[in-house]
Amino acid sequence: AQSVTQLGSHVSVSEGALVLLRCNYSSSVPPYLFWYVQYPNQGLQLLLKYTSAATLVKGINGFEAEFKKSETSFHLTKPSAHMSDAAEYFCAVTPMKTSYDKVIFGPGTSLSVIP
Amino acid sequence: EAGVAQSPRYKIIEKRQSVAFWCNPISGHATLYWYQQILGQGPKLLIQFQNNGVVDDSQLPKDRFSAERLKGVDSTLKIQPAKLEDSAVYLCASSKRRDQPQHFGDGTRLSIL
């Protein structure tokens, strides 16, 4: 069965510092992978997705993620944190290619940005 | 285009009472999802509709939860009777098709006393 783990339920970074949010997945076949962001009292927004084209995926708001098959990882990074990046981040996987269906979400990582 | 609309935004009830949530998806979106998001966890799919038919309700506690999507547009999710463990945010999402990205509403935060 597909599953997603996110190391670190809470991450704090200083404004301007590197953001690194970790995600590992388990899958018998290469899945589609996603990162979603959730701002307080709002729904989820799609940040970026991996669909087996390029292993380095660029998303919105300066975020990017790299798919590493050998490590079964899909870590999210941003070179310089901004106060507005404070939010909850979810890594997700879908077992069905060409689909956003049956998405399985990880437990989430709460990002705090310190001025 | 208008986003996914949900109401109410907040609801507080006592255990054993009933509650209903409403979702209006983006116009033209055939697929509708209801998720339960417990504090500190990722969203969990409760039920998925394709037009007005149920595609997946394997994780819906059917003894107390029910959902319908009449005419393939709006949807309601009901809990009767509510339990303390039902305290969560209930998110509605919609997509044009199952192979298209999901768009989420802002959710309904349910507190059970």
Side-chain angles (χ1 to χ4, degrees), chain A residues 1-11 21-26 31-52 57 59-60 74 76 87-112, chain B residues 2-11 21 23-26 29-51 53-60 88-111:
Chain A
Q2 304 271 353
S3 67
V4 178
T5 56
Q6 292 183 242
L7 185 61
S9 59
H10 189 89
V11 171
L21 304 182
R22 300 178 186 274
C23 172
N24 289 87
Y25 68 92
S26 66
Y32 278 16
L33 294 158
F34 309 88
W35 275 100
Y36 284 84
V37 61
Q38 185 177 31
Y39 297 103
N41 297 317
Q42 294 185 24
L44 279 72
Q45 298 177 35
L46 182 64
L47 266 181
L48 50 81
K49 64 183 187 291
Y50 166 74
T51 58
S52 77
V57 181
I60 62 173
F74 190 56
L76 181 71
E88 190 84 16
Y89 292 80
F90 295 94
C91 183
V93 60
T94 178
M96 299 170 60
K97 282 205 165 186
T98 69
S99 174
Y100 291 80
D101 212 28
K102 308 296 185 190
V103 177
I104 299 167
F105 290 90
T109 296
S110 177
L111 176 66
S112 298
Chain B
V4 176
Q6 289 189 247
S7 67
R9 287 301 313 276
Y10 305 92
K11 190 73 177 179
F21 314 125
C23 173
N24 186 16
I26 294 173
H29 281 197
T31 309
L32 187 146
Y33 308 81
W34 281 103
Y35 290 88
Q36 180 192 58
Q37 185 178 18
I38 293 173
L39 186 64
Q41 299 181 20
K44 181 184 81 172
L45 180 69
L46 291 175
I47 189 167
Q48 177 184 345
F49 292 93
Q50 183 70 24
N51 296 308
V54 175
V55 173
D56 184 352
D57 63 356
S58 58
Q59 298 193 91
L60 185 75
V89 174
Y90 291 84
L91 295 165
C92 179
S94 70
S95 63
K96 283 187 179 179
R97 299 191 306 266
R98 293 170 66 177
D99 62 343
Q100 295 293 309
Q102 297 180 29
H103 298 259
F104 284 81
D106 288 340
T108 295
R109 183 176 298 275
L110 175 66
S111 297

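Reckoned from all heavy atoms, side chains included, excluding hydrogens, waters and symmetry mates. Worth saying up front: this structure is predicted, and the values here are computed from it rather than measured. Numbered from 1 within each chain, the chains take letters A, B, ... in sequence-line order.
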By the definition side-chain contact (heavy atoms from CB on, under 4.5 Å), identify the one residue from B:Leu45, B:Leu46, B:Val54 that meets it with B:Leu60. B:Leu46
Could you label the plane-to-plane angle of the B:Phe104 and B:Tyr35 rings as parallel, tilted or perpendicular, counting under 30° as parallel and over 60° as perpendicular? tilted
Contact part of A:Glu88 toward chain B, heavy-atom cut-off under 4.5 Å: side chain, backbone, both or neither? neither
For the pair A:Phe74 and A:Tyr50, name the ring-plane relationship: parallel under 30°, tilted 30 to 60°, perpendicular over 60°. tilted
Non-hydrogen atoms of chain A under 4.5 Å away: do they reach the side chain of B:Gln37, the backbone, both or neither? side chain
Interchain contact, B:Arg97 with chain A, by part (heavy-atom threshold 4.5 Å): neither
If we count only N and O atoms by modelled type, under 3.5 Å, do the side chains of A:Tyr36 and B:Gln102 hold a donor and an acceptor together? no
